[in-house]
There are 2 protein chains.
Amino acid sequence: MASEKVTSMDVAKKAGVSQSAVSRVLTPGASASKKTAAKVISAVNELGYRPNIIARTLITGKSRIIGLVVAYLNNRFYPKVLEKLSNKLQKEGYQVLIFIAQNTDDDISNVIEGILEYQVDAIVAASVGMSSDLAARCQASGVPIVLFNRGQTNSALSSVTSDNFKGGWKAAKHLLELGHKKIGYIAGWEGASTQLDRESGFVAALKEKKITITHREVGNFVRNEAQDAARRMFSNQNHPTAVFVASDHMAFAVIDVLRSELGFRVPEDISLIGFDDVSLASYSAYNLTTIKQPITQMVESTVNILLDQINHPQVQKNQIIKIDPTLIKRNSTSSVKDSK
Amino acid sequence: MASEKVTSMDVAKKAGVSQSAVSRVLTPGASASKKTAAKVISAVNELGYRPNIIARTLITGKSRIIGLVVAYLNNRFYPKVLEKLSNKLQKEGYQVLIFIAQNTDDDISNVIEGILEYQVDAIVAASVGMSSDLAARCQASGVPIVLFNRGQTNSALSSVTSDNFKGGWKAAKHLLELGHKKIGYIAGWEGASTQLDRESGFVAALKEKKITITHREVGNFVRNEAQDAARRMFSNQNHPTAVFVASDHMAFAVIDVLRSELGFRVPEDISLIGFDDVSLASYSAYNLTTIKQPITQMVESTVNILLDQINHPQVQKNQIIKIDPTLIKRNSTSSVKDSK
DNA sequence: TACTATTTTGCATACGAATGCAAAAAATAA
DNA sequence: TTATTTTTTGCATTCGTATGCAAAATAGTA
């Protein structure tokens with residue numbers, strides 16, 4: 001059956017030059033005469049030679065692989081991130097090695113250790129919390145890490161998020177402008193910085209108007225938990241007229257429950273606002289008003305930080321980037337009805 | 001700043017043994033006395049040693065990396081596949097290296113060449129067409145390839161799909177049972193074997209009842225093209241009462257257009273059936289009747305084939321696996337009204 | 001105890017490409 | 001032409017781990 005692998009030695013022999021000559025011809029910065037270059041190139045083509053990145057990695061110390069840790073792929077937000085990130089990195093000559101982790105300290109720790117074995121040039125941890133000692137170990141390993149969509153209390157690591165506090169704030173402003181007074185909140189997983197910041201921002205803006213949340217439930221960023229949260233929140237007469245749901249993914253769950261189980265209309269009876277602006281939010285079945293996370297910019301910043309840290313390992317500066325999210329008004333929110 | 005990388009030599013020195021002893025202790029199959037094993041293990045822990053997979057790859061020829069080529073990440077179907085595939089492979093000690101390709105022969109060819117440089121142990125090509133000469137080159141490279149969710153005319157490569165013909169057949173049967181006579185079809189990208197097979201099966205089942213498709217449009221598996229297709233199909237009075245849409249992703253687009261632009265009710269006015277059974281299909285906002293692709297089984301088969309081919313490279317048998325899809329009845333289809 | 005069978009260990013080498021160094025070749029100057 | 005500078009080239013080594021082989025240590029047998 002199949003061809004043996006062809007190495008730079010084979011090319012060298014075929015071209016009648018040394019292996020180092022082959023290497024130099026194929027390395028952009030190196031010196032080689034046109035004559036040998038030509039010979040090498042034609043030998044490369046004839047033999048169908050492809051350099052072995054693994055061998056190259058061993059000697060250069062650069063694998064051109066970026067490790068990506070993800071926890072929730074079921075949330076629509078992350079496939080998009082993966083796509084954009086991978087595309088952008090591919091353009092820069094890097095590839096993405098995927099690691100799926102459960103969101104527990106233990107598992108994340110294991111996964112990160114595993115990543116390091118692959119000699120990745122950098123790590124992106126998307127929506128994954130990091131204990132500070134794990135963070136420390138990562139730093140020690142010398143591999144740059146960027147937290148994506150998760151902040152960190154001790155800011156030892158670089159992170160890129162949208163400004164979740166501001167996002168929560170804007171959500172509140174929007175509901176207030178529409179005249180809502182009885183306002184609920186459905187929280188995400190409380191271990192996530194995104195959840196905390198969104199809620200703080202939301203509460204802070206309400207407080208300015210001397211309003212506090214009347215109802216609060218936890219959905220943990222999970223569909224069926226969000227559904228349960230909605231059922232609890234709207235199980236009695238005294239329910240809010242507007243709800244901020246900490247992610248679009250959960251907001252869809254809430255809308256489904258409100259409309260098809262509980263018989264509410266959205267937005268006529270209840271106003272709902274989400275967070276993320278995943279593509280489904282714009283489908284007319286939901287038409288969800290939401291706070292848009294600027295994925296493109298977030299990914300861009302992430303890649304910039306990564307490349308910067310890969311190329312200048314000596315300067316140990318960690319950056320905290322927060323990008324302004326924007327309110328996208330659609331049709332899941334409306335002015336409060338004169339109640340009763 | 002940070003720690004230099006610790007190698008097996010460092011461990012050896014610390015433990016007072018040779019480097020080969022360290023290697024043997026850490027390699028499952030090899031012989032080592034309990035005494036040295038203990039010394040090595042404790043040195044490993046003290047130094048926080050992690051083996052360098054890259055170096056190991058160089059010598060063993062096994063990278064424990066599987067290359068995954070994907071074209072459409074926007075279709076809900078693929079993130080799920082990625083998640084399941086990655087999870088399963090992780091359990092087997094492999095990782096997934098992602099490559100995003102445009103669905104053109106040229107780009108795919110480039111991407112595959114790129115993958116091979118990384119010395120992956122196998123390649124999964126998800127919903128990516130493969131010209132037969134590219135297939136040949138892959139075979140030549142000796143790296144096992146499995147096509148996922150795409151068949152191939154010349155069956156030189158292994159492939160795992162659901163039985164799309166049968167799926168189309170079942171969709172037709174369902175609509176026929178509901179009494180529909182005027183039936184339309186919205187096609188996916190005509191370069192995809194999935195599209196062709198689904199349509200053939202659908203048409204064949206109709207033909208058995210002497211019925212032919214009255215309307216046909218092409219949506220290319222893309223949302224806005226599917227929307228246009230729907231607009232064209234329902235722009236005049238003489239429209240079908242039921243439509244089979246070649247993917248759920250497109251079906252949602254069609255439903256949105258029917259309901260919110262054209263004022264039809266689904267399923268009262270128009271019955272719709274999709275293909276895939278992505279999670280959104282079960283949300284009450286759509287409640288889409290569809291043909292379920294058995295992702296779990298498909299991924300399982302894929303992984304089995306991969307591991308089999310990795311572990312027994314000599315036997316060059318390529319498998320064509322087609323798994324029966326099942327009809328999931330929800331609420332986007334109903335009996336035909338007595339028309340006029 | 002002495003001798004053989006078995007296990008454990010270290011030495012040396014290999015994997016494939018990149019690179020410092022010095023020799024060879026080519027280009028330039030005198 | 002010869003001397004000198006510059007470029008090109010090959011040799012040898014390196015990265016970190018695995019493994020065949022032979023030596024050393026241990027266990028087993030008589």
Side-chain angles (χ1 to χ4, degrees), chain A residues 3-41 43-44 47-65 93 116-121 141-143, chain B residues 3-41 43-44 47-65 93 116-121 141-143:
Chain A
S3 76
E4 302 321 306
K5 45 196 61 171
V6 22
T7 74
S8 61
M9 275 298 272
D10 301 330
V11 175
K13 242 171 254 168
K14 181 113 193 171
V17 297
S18 71
Q19 179 269 322
S20 35
V22 174
S23 172
R24 278 190 259 262
V25 170
L26 301 183
T27 305
S31 70
S33 70
K34 285 161 196 174
K35 231 189 297 178
T36 44
K39 283 192 287 184
V40 168
I41 302 254
V44 163
L47 298 177
Y49 169 72
R50 307 252 90 204
N52 181 330
I53 294 200
I54 297 300
R56 177 180 292 164
T57 297
L58 194 54
I59 195 151
T60 61
K62 261 81 198 55
S63 62
R64 306 203 73 84
I65 293 179
L116 293 175
E117 292 183 4
Y118 281 91
Q119 313 301 113
V120 297
D121 290 345
S141 76
V143 178
Chain B
S3 78
E4 302 321 304
K5 44 196 61 171
V6 22
T7 74
S8 59
M9 276 298 273
D10 301 330
V11 175
K13 242 171 253 167
K14 181 113 193 172
V17 298
S18 72
Q19 179 268 323
S20 33
V22 174
S23 171
R24 277 190 260 262
V25 169
L26 301 184
T27 305
S31 70
S33 69
K34 286 160 195 174
K35 230 189 298 178
T36 46
K39 282 192 288 186
V40 168
I41 302 256
V44 163
L47 298 177
Y49 169 71
R50 306 255 89 204
N52 181 330
I53 294 200
I54 297 298
R56 176 180 293 165
T57 297
L58 192 56
I59 196 155
T60 62
K62 262 81 197 54
S63 62
R64 306 205 73 85
I65 294 179
L116 292 175
E117 292 182 6
Y118 281 90
Q119 311 302 110
V120 297
D121 291 346
S141 76
V143 178

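Each chain gets a letter, A, B and so on, in the order the sequences are listed, and its residues count up from 1. Computed from a predicted structure; not experimentally measured.
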Arg56(A) CZ to dG16(D) P, straight-line distance once rounded to whole Å: 18 Å
Reading DNA chain C from 5' onward, which residue's closest nucleotide shows up sooner: Ala55(B) or Ala37(B)? Ala37(B)
Do any side-chain nitrogens or oxygens of Thr36(A) fall under 4.0 Å of OP1 or OP2 in dT9(D)? yes
Looking at dG10(C), dG16(C), dT17(D), which one has an atom nearest to any side-chain atom of Leu58(B)? dG16(C)
Classify Thr7(B) by what it touches in the nucleic acid, base, sugar-phosphate, or nothing, heavy-atom distance under 4.0 Å. sugar-phosphate
The nucleotide from dG10(D), dT17(D), dC11(C) with an atom nearest the side chain of Ser18(A) is dG10(D)
Describe the nucleic acid contact of Thr57(B) in one word from base, sugar-phosphate, nothing, applying a heavy-atom distance below 4.0 Å. nothing
Ser33(B) vs dT8(C): side-chain N/O to OP1/OP2 distance below 4.0 Å: no
Considering non-hydrogen atoms only, spot the tightest contact between Lys62(B) and Thr57(B) and give its length. O-OG1, 3.3 Å
Given dA17(C), is OP1 or OP2 found less than 4.0 Å from the side-chain N or O atoms of Ser23(A)? no
What nucleotide among dC11(D), dT17(D), dG16(D) has an atom nearest to a side-chain atom of Arg24(A)? dC11(D)
Between Arg50(A), Arg56(A), Arg64(A), which is the residue that forms a side chain to side chain donor-acceptor pair (under 3.5 Å) with Glu117(B)? Arg50(A)
Quick one: on DNA chain C, does Leu26(A) or Lys35(A) contact a more 5' nucleotide (nearest heavy atom)? Leu26(A)
Just by distance, do the side chain of Thr36(A) and the backbone of Ser33(A) share a donor-acceptor pair under 3.5 Å? yes
With respect to the phosphate group of dG16(D), does any side-chain polar atom (N or O) of Tyr118(A) fall under 4.0 Å of OP1 or OP2? no
Starting from C1' on dG16(C), measure out to CG on Asn52(A) and report it in whole angstrom. 6 Å
Rounded to whole Å, the CD-P distance (Gln19(B) to dC15(D)) equals 12 Å
Under 4.0 Å between any heavy atoms, over every strand shown, what does Val17(A) touch: base, sugar-phosphate, or nothing? Just pick one. sugar-phosphate
Could you report the tightest heavy-atom contact between Leu58(A) and Leu58(B), atom names first, then the distance? CD2-CD2, 3.3 Å
Spatial distance of atom CG (Asn52(B)) from atom OH (Tyr118(A)) [nearest 0.5 Å]: 11.5 Å
Rounded to whole angstroms, how far apart are NZ on Lys62(A) and P on dT19(C)? 12 Å
Please report the distance, rounded to the nearest Å, between NZ in Lys34(A) and P in dT8(D). 9 Å
Using atom CD1 of Ile59(B) as one end and atom P of dA17(C) as the other, report the distance to the nearest whole Å. 15 Å
Assign Ser20(A) to base, sugar-phosphate, or nothing according to its heavy-atom contacts below 4.0 angstrom with the strands shown. base
Look only at the side chain of Ser63(A) and the backbone of Gln119(A), and say whether a donor-acceptor pair between them is shorter than 3.5 Å. yes
Arg50(B) CZ to dG16(D) C1': how many Å, rounded? 16 Å
Check every atom of dT19(C), dG10(C), dG16(C) against the side chain of Thr60(A) and return the nucleotide holding the closest atom. dT19(C)
Rounded interatomic separation in angstrom, taking CG from Asp10(B) and P from dC15(D): 11 Å
